[in-house]
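First up is the structure itself, then whatever we jot down about it.
In each ligand, atom 1 is the first atom listed, and ligand 1 is the first ligand listed.
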Amino acid sequence: MAGFHAQHGVLACDGVALDEIARVAGTPVHVYSAALIAERHRALDAAFAAYPHAFHYAIKANATMAVVRLMRRLGLHADANSGGEIEVALRAGFTPDQIVFTGVGKSPAELERAVTIGVKAINAESPGEVERIEAIAAARGACARVAVRINPNVDAESHRHISTGHHGTKFGMSIDEARVMVREVGRRPHLRVVGLHAHVGSQITKRDPIRRVAEAVAGLARELRDQGVALEHVDLGGGLGIAYRPTDVVVSPEEYAAALLPAIQGTGLSLVLEPGRWLVGPAGVLLASVVDMKRRAGSGWFVVVDAGMTDLIRPALYEAWHSIAAVAERPGPRIQADVVGPVCETADTFGVDRELPPTEVGDLLVVRDTGAYGAVMASNYNRRPFAAEVLVDDDRWTVVRRRQTIDEMLQGDL
Ligand SMILES: Cc1ncc(COP(=O)(O)O)c(C=O)c1O
């Protein structure tokens with residue numbers, strides 16, 4: 001079975017013991033399983049096999065070059081959310097026609113780049129942005145491919161920081177605005193509307209919002225088709241959630257397909273999805289060493305590790321819950337502990353009141369399900385260098401991103 005499992009009493013990634021990786025690569029270190037990413041992609045792909053579709057991997061979830069290259073090897077395409085992510089996609093070997101470009105507040109330079117290389121679709125956020133895309137395309141004598149991002153006013157029922165599809169959030173245009181926009185764009189010689197786009201949030205764990213978005217977008221696509229507007233695709237973004245807690249109830253790939261496809265089938269258009277978290281989240285752990293054990297007031301312990309919110313900000317930012325485990329369990333009575341990092345913020349806490357095996361300074365712990373929105377959201381706060389990243393692929397493990405050195409961290413300071 002691909003992923004993270006105990007082997008002879010030691011947690012391993014695809015058969016490679018994590019204590020060995022820590023010994024050679026040091027800690028903190030992010031470790032990813034290529035086999036688990038491939039397995040999850042196969043499962044998602046199989047669920048949509050009955051309908052023409054393309055998965056554009058949301059690079060934002062994990063932008064490490066080796067992971068993005070792996071996605072290309074697996075046959076996915078790319079979803080870039082910034083000029084930087086467009087460059088990552090190109091350097092990973094994606095061709096422009098495999099890249100969709102999304103994002104609120106695209107800069108003139110980013111739009112210029114996207115138009116010049118000719119991406120598959122620029123997912124346009126506003127009427128003003130469409131005007132700017134047209135001006136760039138006209139100046140170059142080009143025809144830019146645009147999809148209109150719709151805000152369907154559907155609450156993703158996820159954390160409020162990552163719910164993006166209801167009115168009042170900054171994302172996309174209302175269906176009414178989009179309807180007008182698409183007709184407008186149809187008359188412009190330097191623009192071609194190729195699709196409709198919506199992304200209503202991340203870590204969605206309910207079927208209803210997924211179904212409602214598909215119905216809203218498909219409804220407009222059918223209406224436009226009946227008026228003679230020839231679109232190519234419907235892009236419903238990413239957002240499929242994962243189980244962070246063993247008790248979490250999530251939507252399976254089959255349920256996801258069953259929620260989307262009935263509405264999309266009626267459009268006759270190919271389906272684009274932009275999965276991120278679902279593919280990489282469970283395929284990564286953050287491996288850390290215990291650097292201190294402190295008594296908590298009252299009872300229990302603070303287990304202080306060498307990884308911090310600078311390496312994984314999700315608990316501090318979203319109060320996200322991640323499973324925490326010892327790499328090798330010591331025998332004996334279990335302890336109650338808050339697992340915390342070294343950063344000067346009380347929010348720098350990975351888990352509160354967790355039950356752990358007896359723990360000593362020098363032991364290794366993993367924070368699980370950190371493959372998505374982990375390393376990619378790292379910062380140098382407290383002047384902490386970025387952690388190393390390791391990919392386990394075909395029984396071999398490789399450092400795919402070196403630990404940042406102090407010199408590298410400071411090289412831009414003049
Ligand atoms: C436009 C867009 N597409 C795709 C994604 C990927 O979402 P997820 O990682 O939840 O699948 C995001 C993330 O929020 C996004 O903003």
Side-chain angles (χ1 to χ4, degrees), residues 37 40-41 43-44 47-48 53-64 67-68 71 76-82 84-86 88-89 99-106 110 114 119-126 129 147-152 154 156-166 169-173 195-206 209-210 213 217 233-244 248 250-253 256 259-260 271-284 313-314 317-318 320 369-377:
I37 293 172
R40 294 180 73 79
H41 170 245
L44 201 56
F48 285 88
H53 65 277
F55 294 137
H56 285 246
Y57 168 59
I59 292 175
K60 67 191 297 194
N62 185 320
T64 300
V67 172
V68 182
M71 296 299 180
L76 287 104
H77 294 173
D79 162 41
N81 267 254
S82 69
E85 288 186 0
I86 289 179
V88 166
I99 301 172
V100 293
F101 178 33
T102 318
V104 175
K106 303 177 190 77
E110 288 175 321
V119 295
K120 171 176 170 154
I122 301 175
N123 292 329
E125 290 275 344
S126 70
E129 187 172 275
V148 176
R149 179 167 184 176
I150 293 168
N151 182 321
V154 170
E157 298 177 45
S158 181
H159 190 281
R160 66 192 166 86
H161 290 179
I162 49 174
S163 293
T164 56
H166 51 283
T169 61
K170 64 183 177 180
F171 301 93
M173 316 175 208
L196 300 178
H197 175 251
H199 168 81
V200 300
S202 194
Q203 186 55 12
I204 302 173
T205 57
K206 307 224 169 71
I210 296 169
V213 175
V217 177
H233 68 255
V234 174
D235 179 347
L236 294 181
L240 187 58
I242 60 172
Y244 285 99
D248 281 349
V250 293
V251 176
S252 71
Y256 186 43
L260 292 181
L271 173 64
V272 169
L273 291 173
E274 303 166 354
R277 184 191 311 269
W278 199 87
L279 293 170
V280 290
I313 200 172
R314 296 192 69 259
L317 192 58
Y318 311 126
D369 303 311
T370 58
Y373 308 106
V376 80
M377 291 178 97

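- Proximity of Ser202 to ligand 1, defined as any heavy-atom pair under 4.0 Å, is shared by backbone and side chain alike.
- Using a 4.5 Å heavy-atom threshold, the side chains of Phe101 and Glu110 count as touching.
- A distance of 7.5 Å separates CD of Glu125 from CE of Met173, quoted to the nearest 0.5 Å.
- Near Ala58, meaning under 4.0 Å from one of its heavy atoms, ligand 1 places the atoms 4 (C), 5 (C), 6 (C).
- The heavy atom nearest to atom 5 (C) of ligand 1, out of those in His197, Arg149, His199, Arg277, is found in His199.
- With rounding to the nearest 0.5 angstrom, the CH2 atom of Trp278 is 8.5 Å from the OG atom of Ser252.
- Residue-ligand proximity, Asp79 to ligand 1, at heavy-atom distances under 4.0 Å covers atoms 2 (C), 3 (N), 4 (C).
- A salt bridge links Lys106 with Glu129: the closest approach of a Lys/Arg side-chain nitrogen to an acidic carboxylate oxygen falls below 4.0 angstrom.
- Contact check for Asn123 versus Glu274: side-chain heavy atoms found under the 4.5 Å cut-off.
- Taking every heavy atom of Gly276 and a limit of under 4.0 angstrom, the matching atoms of ligand 1 come to 8 (P), 9 (O), 11 (O).
- The atoms of ligand 1 that sit less than 4.0 Å from any heavy atom of Gly239 are 7 (O), 8 (P), 10 (O), 11 (O).
- The distance from ligand 1 to the heavy atoms of Tyr373 drops below 4.0 Å at these ligand atoms: 6 (C), 7 (O), 8 (P), 9 (O), 13 (C).
- Distances between N or O atoms of Lys60 and those of ligand 1 include at least one value under 3.5 Å.
- Each of the following atoms of ligand 1 lies closer than 4.0 Å to a heavy atom of Glu274: 1 (C), 2 (C), 3 (N), 4 (C), 5 (C), 6 (C), 11 (O).
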Could you walk me through whether Asp235 and Asp79 pass the side chain to side chain contact (heavy atoms under 4.5 Å, CB included) test, one step at a time? CA-CA 11 Å; Asp235 179 347; Asp79 162 41; over 6 Å; no

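- Under the 4.5 Å side-chain criterion, counting only non-hydrogen atoms from C-beta, Val272 is not in contact with His77.
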